[in-house]
Amino acid sequence: NPCQNGNICHPTGQCECLTGATGTLCQETPLHNGQCDPFFNSATYKWDGYDCCEFTCISTSEHTCGHVDTETNGIEHLYQGFPYCIDPSTLCSSEGCWTTTSKRISTGASEIPPTVILSANGRVLVATKPNLDLVQVYDRSDSRWIERGTFIEGPRGSLFGEWIAMYTPPGAVISRRFGKIPVIVAASARIGVNRTMEVFDWQPSSDGWRSLGTV
């Protein structure tokens, strides 16, 4: 059988690619494309190029992780989750374990340790750089953290973000249809001997942060 990757060779000599592979001999493997192909979900193929688990998959322009494409009045993306996730590095034993849920975020060197808070649903992260008077907000997309807009900048020399708080609606998730999760962030600043808190919210219309005032 000249057909590769577990596919069928017809009496005509043509290959029928049924496992997700493509090419004349089904030689092109569909790895790292954001869609889980069960045939390739093994150690041999590095768990379909890490496409089958939420914390390792990365969406592409072709496919969205955890979704299947259905042709109904155009392409629709239906969420199915990750039922084929069997990569041992992402699974816990019966006794429980700690696993890495995403790739690392670099906060850079700082004399003042950054403050980091995570939303209850694990989808939004706020990290501060008080020595630079900056606050950064990240959204989790698949196994990556993507910075939302530009950083929030406070008064120079105020240790802006030494204290922070965040609010997101319970259970909110990122959606292609509805966009980013609504977020409100409050960050402290030292002005002389006084400490203030400035509140910001995300404005989808301007794709930026808006100050709601100080307290």
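Model, not experiment: these values are computed from the prediction. Side-chain atoms are counted along with the backbone in the values below, which use heavy atoms only and exclude waters and symmetry mates.
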* Could you please spell out the steps behind the disulfide bond (SG atoms under 2.5 Å apart) verdict for Cys85 and Cys52? => CA-CA 5 Å; Cys85 179; Cys52 295; over 6 Å; no
* What do the steps show when you test Glu162 against Arg195 for side chain to side chain contact (heavy atoms under 4.5 Å, CB included), and what is the final call? -> CA-CA 10 Å; Glu162 188 177 20; Arg195 186 191 298 273; 3.4 Å; yes
* Decide side chain to side chain contact (heavy atoms under 4.5 Å, CB included) for Thr19 and Asp37; before the verdict, give the C-alpha distance in whole Å, the side-chain angles of both, and the deciding distance to 0.1 Å. => CA-CA 7 Å; Thr19 62; Asp37 299 281; over 6 Å; no
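Side-chain atoms of Glu198 and Ser211 form a donor-acceptor pair, as typed in the model, at a separation below 3.5 Å. At a cut-off of 3.5 Å, with distance as the only test, no side-chain donor of Asn33 or Thr60 sits close to an acceptor on the other residue. No side-chain donor from either of His67 and Gln80 sits under 3.5 Å from a side-chain acceptor of the other.
Atoms CE and CH2, on Met197 and Trp163 in that order, are 9.5 Å from each other to the nearest 0.5 Å. Separating the CG atom in Asn5 from the CG atom in Leu18 is a distance of 12.0 Å, to the nearest 0.5 Å. Rounded to the nearest 0.5 angstrom, Leu159 CG and Leu132 CG are separated by 10.5 Å. Between the CD atom in Gln27 and the CG atom in Asn7 there is a gap of 10.5 Å [rounded to 0.5 Å]. Annotation: the span from Phe82 atom CZ to Asp87 atom CG amounts to 12.5 Å, rounded to 0.5 Å. We find the CD-CZ distance between Gln136 and Arg148 to be 13.5 Å, quoted to the nearest 0.5 Å.
No donor-acceptor pair under 3.5 Å is formed between the side chain of Ser158 and the backbone N or O of Ala189. Not one N or O on the side chain of Asp133 forms a donor-acceptor pair closer than 3.5 Å with the backbone of Gly154. Between the side chain of Thr128 and the backbone N or O of Thr115, at least one donor-acceptor pair lies under 3.5 Å.
Following chains of ILVMFWY side-chain contacts shorter than 4.5 Å, one cannot reach Ile184 starting from Tyr138, and the two form parts of different hydrophobic clusters. Val137 and Ile146 are members of different hydrophobic clusters when ILVMFWY side chains are connected at heavy-atom separations under 4.5 Å. A continuous path of Ile, Leu, Val, Met, Phe, Trp and Tyr side chains, each step under 4.5 Å between heavy atoms, connects Met166 with Trp209, placing both in one hydrophobic cluster. One hydrophobic cluster, built from ILVMFWY side chains closer than 4.5 Å, cannot hold both Leu212 and Trp202; they sit in different ones.
Looking at Val116, Ile152, Val126 one by one, the single match for side chain to side chain contact (heavy atoms under 4.5 Å, CB included) with Ile164 turns out to be Val126.
In this structure, cysteines Cys26 and Cys15 have SG atoms that are not closer than 2.5 angstrom. Less than 2.5 Å separates the SG atom of Cys65 from that of Cys57. Cysteines Cys9 and Cys3 have SG atoms no closer than 2.5 angstrom.
Side-chain contact check for Cys36 versus Tyr50: every heavy-atom pair is 4.5 Å or farther apart. A 4.5 Å side-chain heavy-atom check between Asp139 and Trp145 finds every atom pair outside the cut-off.
Between Glu54 and Arg140 there is a salt bridge, since a side-chain N of the basic residue sits under 4.0 Å from a carboxylate O of the acidic one.
The minimum heavy-atom distance between Pro155 and Phe160, with the atom names listed, is CD-CD1, 4.2 Å. Nearest heavy-atom pair, Ile86 versus Cys53, reported as atom, atom and distance to 0.1 Å: N-SG, 4.1 Å.
Phe40 belongs to a hydrophobic cluster with Leu31, Phe39, Tyr45, counting contacts under 4.5 Å between side-chain heavy atoms of Ile, Leu, Val, Met, Phe, Trp and Tyr, direct or through other members.
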